[in-house]
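Quick notes on the structure that follows.
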Amino acid sequence: MMGSETLVKKIPNDIGGDPAGKIERVEHELLPWEKRCHALADVLDYHKIINTEEKRRGVESLGSEVVGKLTYYERWIVAFANIAFQKGILVPSELAEKIREVEARYPAAADAHHG
């Protein structure tokens, strides 16, 4: 008979008890885009478009490999996009076009991101 611990799959952010190095806690001011991301989360929730539980599930569904490569707010952005795609609010080509428009306004930032 299997133990109950083998019946439950760990989600990507469930790292309790895993071997790891020391956690470096560094207080820092949020970057402007991180503040906008947080505000976006509040607006999406307020207007009942994407709620906190959906965002949490969206981040968890990214998988441990992706979660490990993204920063905290990058995870949120990817989760928001995936949820918007699933709900038919947005399609990937629309998002790609908007990204190109924004990158055209800030070529140095786009070069740094893609370089």
Item to check | Co-membership, hydrophobic cluster, residues L31 and Y72, 4.5 Å side-chain | outcome: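 Yes, it is one cluster - the side chains of L31 and Y72 are joined through contacts under 4.5 Å.
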
Item to check | V91 reachable from I77 in the ILVMFWY side-chain graph, under 4.5 Å edges | outcome: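 Per the 4.5 Å side-chain linkage, I77 and V91 are not co-clustered.
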
Item to check | Within residues 77-100 or reaching into it, pairs that qualify as salt bridge (Lys or Arg N to Asp or Glu O under 4.0 Å) - sequence neighbours excluded | outcome: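 Every salt bridge (Lys or Arg N to Asp or Glu O under 4.0 Å) pair that includes a residue of residues 77-100, provided the two are not neighbours, is E54-K87, E97-R100, K98-E101.
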
Item to check | Partner residues of F85 under the ring-ring contact (aromatic ring centres under 6.0 Å, His included) criterion, sequence neighbours left out | outcome: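 Expected list: none.
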
Item to check | Side-chain touch V78/L62, heavy atoms, less than 4.5 angstrom | outcome: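 Contact flag for V78/L62 side chains = yes.
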
Which distance, rounded to the nearest 0.5 Å, do you find between the [atom1] of [X] and the [atom2] of [Y]?
{"X": "D45", "Y": "T52", "atom1": "CG", "atom2": "OG1", "answer": "4.0 Å"}
{"X": "S61", "Y": "I83", "atom1": "OG", "atom2": "CD1", "answer": "7.0 Å"}
{"X": "W33", "Y": "T71", "atom1": "CH2", "atom2": "OG1", "answer": "4.0 Å"}
{"X": "I50", "Y": "R57", "atom1": "CD1", "atom2": "CZ", "answer": "11.0 Å"}

Checklist entry - Under 30°, 30 to 60°, or over 60°: which ring-plane class applies to W76 and Y73, parallel, tilted or perpendicular? => result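 Perpendicular: the ring planes of W76 and Y73 meet at over 60°.
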
Next on the checklist: For the backbone of V59 and the side chain of R75, can you confirm whether one donor and one acceptor N or O come within less than 3.5 Å of each other?
Outcome noted: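 Absent.
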
Item to check | Nearest non-hydrogen partners of G58 and A79, listed with the distance | outcome: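 Heavy atoms only, the tightest pair is C-CB, 3.6 Å.
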
Checklist entry - With respect to P32, which candidate in E29, E34, K35, R36 satisfies the side chain to side chain contact (heavy atoms under 4.5 Å, CB included) definition? => result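 Between P32 and the candidates, side chain to side chain contact (heavy atoms under 4.5 Å, CB included) is satisfied uniquely by R36.
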
